[in-house]
Amino acid sequence: MRDLPTGVKGRVVIAASVAQRPFRGGHTWVFLQYLLGFRRLGWDVLLLDRLEPGMCTDADGRPAPVRESVNFRYLDDVMERFGLRDSYALFCDDGRECLGLHREEALRRVADSDVLLNFMGFMDDEAILSRAGLRVFVDIDPGFGQMWRALGLADLFARHNRFVTLGGRIGQEPCGIPTCDLEWIPTRPPVVLAEWPVQPLDPGAAFTSVATWRGDFGPIDYAGRRHGLRVHEFRRFTDLPARTGQPFELALDIHPRETRDIQHLEDHGWTLLDPLCAAGNPDAYRAFIQHSRAELMIAKSMYVSTRGGWFSDRSACYLASGRPVIAQDTGIRSLLPTGEGLLAFGDPDEAAAAIQAVAADPVRHARAARAVAEEYFDSDRVLGSLLARIGAAPVPAGAVS
């Protein structure tokens with residue numbers, strides 16, 4: 001007999017990196033949306049994370065034991081803050097130690113689960129994977145993993161039996177992402193709408209975003225084309241503050257040695273903020289978004305060049321907060337309604353026009369933004385549909401694909 005709390009429909013296990021990236025509120029929210037969203041639907045949830053000693057630091061950036069590290073404290077504080085203190089296991093020292101739940105309890109819950117959602121193949125511990133019957137690879141960076149496998153560089157997909165992606169156009173023309181002969185199930189980034197209520201508009205607020213200049217992955221040469229990073233797209237749009245006369249604030253994770261790009265952005269009217277200050281925990285990140293006028297979302301070159309239909313989890317949070325999103329087109333025009341609340345652009349002229357449109361009628365676009373979030377990104381609908389399409393639950397009423 002399964003050991004589930006009374007009234008619980010089933011158990012979802014989420015394998016994802018939170019402790020390795022402390023003080024990055026947006027990154028943390030990616031997984032909170034799933035944890036809180038599944039819990040809203042009546043499912044028991046468990047987060048599996050991992051740390052090795054060399055990854056851990058104290059508050060001054062010095063190496064620290066796992067138990068004394070800011071990494072562990074950050075994870076533990078976040079899980080307590082959202083009522084998930086008994087719903088995580090942090091594997092350390094090659095899995096020999098486990099904080100949060102005891103190792104044996106965590107493995108038992110995995111064996112008793114309906115599905116393991118493994119984000120970007122983060123969890124590769126065979127002791128864990130072998131206990132999960134339904135192992136789902138969740139692709140939140142479409143293009144990178146597929147090209148690595150096609151080029152023989154890495155295979156993130158092994159040991160999984162379902163494949164979910166934020167690339168809504170994978171397998172369709174003219175998407176340039178290889179399928180790797182796998183059946184990809186498209187989904188959208190979920191937002192727990194109750195956690196992201198609409199906030200009053202501030203007419204003096206800036207257009208904003210939170211971004212990483214380069215990120216963890218390097219450019220990839222595939223099929224005769226180089227697929228790059230956000231930096232390679234952003235440089236095309238640096239004159240937007242001057243062209244539109246609007247204020248722009250960017251919480252930008254950029255290396256201080258990138259002095260030329262930093263100076264260029266500041267010279268062209270961008271106010272650069274330290275993301276660890278502006279969005280260093282889930283609450284700060286949410287407040288930053290809710291005090292914005294709108295988001296300008298410039299995507300990674302990989303997403304733009306492949307036309308895979310990727311849409312940002314961060315942009316979904318802006319929409320839910322009643323904040324319009326001006327999004328670089330990655331193929332989303334065929335997947336989502338654009339024009340009010342969500343506006344798509346392909347070049348600097350279209351971006352400038354969209355910015356001016358939002359500035360001219362902020363109330364209309366704010367109202368439309370929330371409506372888009374409710375229709376397309378509500379976690380109740382997105383996650384209910386996802387469970388059904390991976391075979392973990394019946395199709396719920398009102399689900400969206």
Side-chain angles (χ1 to χ4, degrees), residues 30 119-120 137-151 153 156-157 163-189 209 211-237 240 295-316 318-319 325-354 372 375-377 382 386 389 400-401:
V30 173
F119 284 76
M120 295 305 292
F137 183 95
V138 183
D139 174 34
I140 56 175
D141 273 309
F144 289 96
Q146 291 88 348
M147 291 183 189
W148 290 337
R149 173 159 155 170
L151 293 169
L153 300 175
L156 305 183
F157 312 137
F163 305 90
V164 168
T165 182
L166 293 186
R169 294 184 52 80
I170 292 181
Q172 304 177 27
E173 293 295 338
C175 177
I177 298 174
T179 65
C180 301
D181 296 321
L182 301 172
E183 181 180 350
W184 289 96
I185 300 169
T187 190
R188 300 189 183 107
S209 194
T212 300
W213 198 236
R214 294 188 183 272
D216 299 328
F217 308 145
I220 301 177
D221 293 318
Y222 178 77
R225 184 167 186 174
R226 170 153 288 198
H227 302 277
L229 312 175
R230 183 169 286 105
V231 54
H232 304 119
E233 288 298 318
F234 215 108
R235 288 171 178 158
R236 300 171 52 207
F237 299 96
L240 285 175
E295 183 192 25
L296 174 68
M297 194 288 289
I298 298 175
K300 295 177 184 177
S301 174
M302 167 68 80
Y303 305 149
V304 177
S305 61
T306 58
R307 314 301 294 165
W310 170 87
F311 190 80
S312 168
D313 55 88
R314 179 184 58 255
S315 296
Y318 274 88
L319 292 172
V325 171
I326 301 161
Q328 190 172 12
D329 186 17
T330 63
I332 62 171
R333 293 190 221 232
S334 64
L335 301 173
L336 295 166
T338 58
E340 290 190 3
L342 172 60
L343 299 88
F345 65 89
D347 58 38
D349 289 339
E350 288 185 346
V372 172
E375 180 69 21
Y376 292 91
F377 299 101
V382 171
L386 178 61
R389 287 182 294 139
V400 294
S401 60

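The residues of the chain are indexed from 1 along the displayed sequence.
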Exercise for the section: State whether the side chain of R307 and the backbone N or O of D329 hold a donor-acceptor pair below 3.5 Å, judged by distance alone. Expected result: yes
Exercise for the section: Taking R230 for its side chain and T212 for its backbone only, find out whether a donor-acceptor pair lies under 3.5 Å. Expected result: yes
Exercise for the section: Write down the atom of R236, the atom of P348, and the distance for their closest heavy-atom approach. Expected result: O-CG, 3.4 Å
Exercise for the section: Kindly say whether W310 contributes a backbone atom to a donor-acceptor pair with the side chain of T330 at under 3.5 angstrom? Expected result: yes
Problem - Over all atoms of both residues, closest heavy-atom pair of I177 and T306 - result: CG1-CB, 3.6 Å
Practice task
To the nearest 0.5 angstrom, please state how far the CG atom of L156 sits from the CE atom of M120.
Solution key: 5.5 Å
Practice task
State whether the side chain of R389 and the backbone N or O of P186 hold a donor-acceptor pair below 3.5 Å, judged by distance alone.
Solution key: yes
Handout entry: Flag, side chain of R169 to backbone of E173, donor-acceptor distance under 3.5 Å
Key = yes
Exercise for the section: Determine whether R226 and H232 make a side-chain contact, defined as any pair of heavy atoms from C-beta on separated by less than 4.5 Å. Expected result: no
Exercise for the section: Find the distance between CE (M147) and SG (C180) and round it off to the nearest 0.5 Å. Expected result: 9.5 Å
Fill in the blank from the handout: In this structure, CZ of F144 is separated from CD1 of I220 (nearest 0.5 Å) by 5.5 Å
Problem - ring-ring contact (aromatic ring centres under 6.0 Å, His included) evaluation trace for Y376 with F311 - result: CA-CA 11 Å; Y376 292 91; F311 190 80; 9.8 Å; no
Completion exercise
Taking every heavy atom of T338 against every heavy atom of A344, the minimum-distance pair comes out as CG2-CB, 4.1 Å
Completion exercise
All heavy atoms of A351 vs all of I326, minimum pair found to be O-CG2, 4.5 Å
Problem - Side-chain donor/acceptor of E375 to backbone N/O of V372, under 3.5 Å - result: no
Exercise for the section: State, with a plain yes or no, whether a side-chain heavy atom of L336 is found less than 4.5 Å away from one of L342. Expected result: yes
Problem - Verdict with reasoning, L296 to F345, per side chain to side chain contact (heavy atoms under 4.5 Å, CB included) - result: CA-CA 10 Å; L296 174 68; F345 65 89; 3.8 Å; yes
Exercise for the section: Kindly say whether A299 contributes a backbone atom to a donor-acceptor pair with the side chain of Q328 at under 3.5 angstrom? Expected result: yes
Practice task
Could you label the plane-to-plane angle of the F157 and F137 rings as parallel, tilted or perpendicular, counting under 30° as parallel and over 60° as perpendicular?
Solution key: perpendicular
Problem - Spacing of CG belonging to L319 relative to CZ belonging to F377, to within rounding of 0.5 Å - result: 6.0 Å
Exercise for the section: Rounded to the nearest 0.5 Å, what's the gap from CD1 on I298 to CD on E233? Could you check? Expected result: 8.5 Å
Fill in the blank from the handout: Taking every heavy atom of S312 against every heavy atom of P189, the minimum-distance pair comes out as O-CG, 3.9 Å
Fill in the blank from the handout: d(Y318 OH, D313 CG) to nearest 0.5 Å is 11.5 Å
Handout entry: Check: R214 side chain, V231 main-chain N or O, donor-acceptor pair, under 3.5 Å
Key = no
Handout entry: Sidechain-backbone polar pair: T165 side chain, G167 backbone, donor-acceptor under 3.5 Å
Key = yes
Fill in the blank from the handout: Heavy-atom nearest pair, V164 first then W184, reads O-CZ3, 3.8 Å
Exercise for the section: Side-chain contact test, heavy atoms from C-beta onward, threshold under 4.5 Å: evaluate it for L166 versus Y303 and give yes or no. Expected result: no
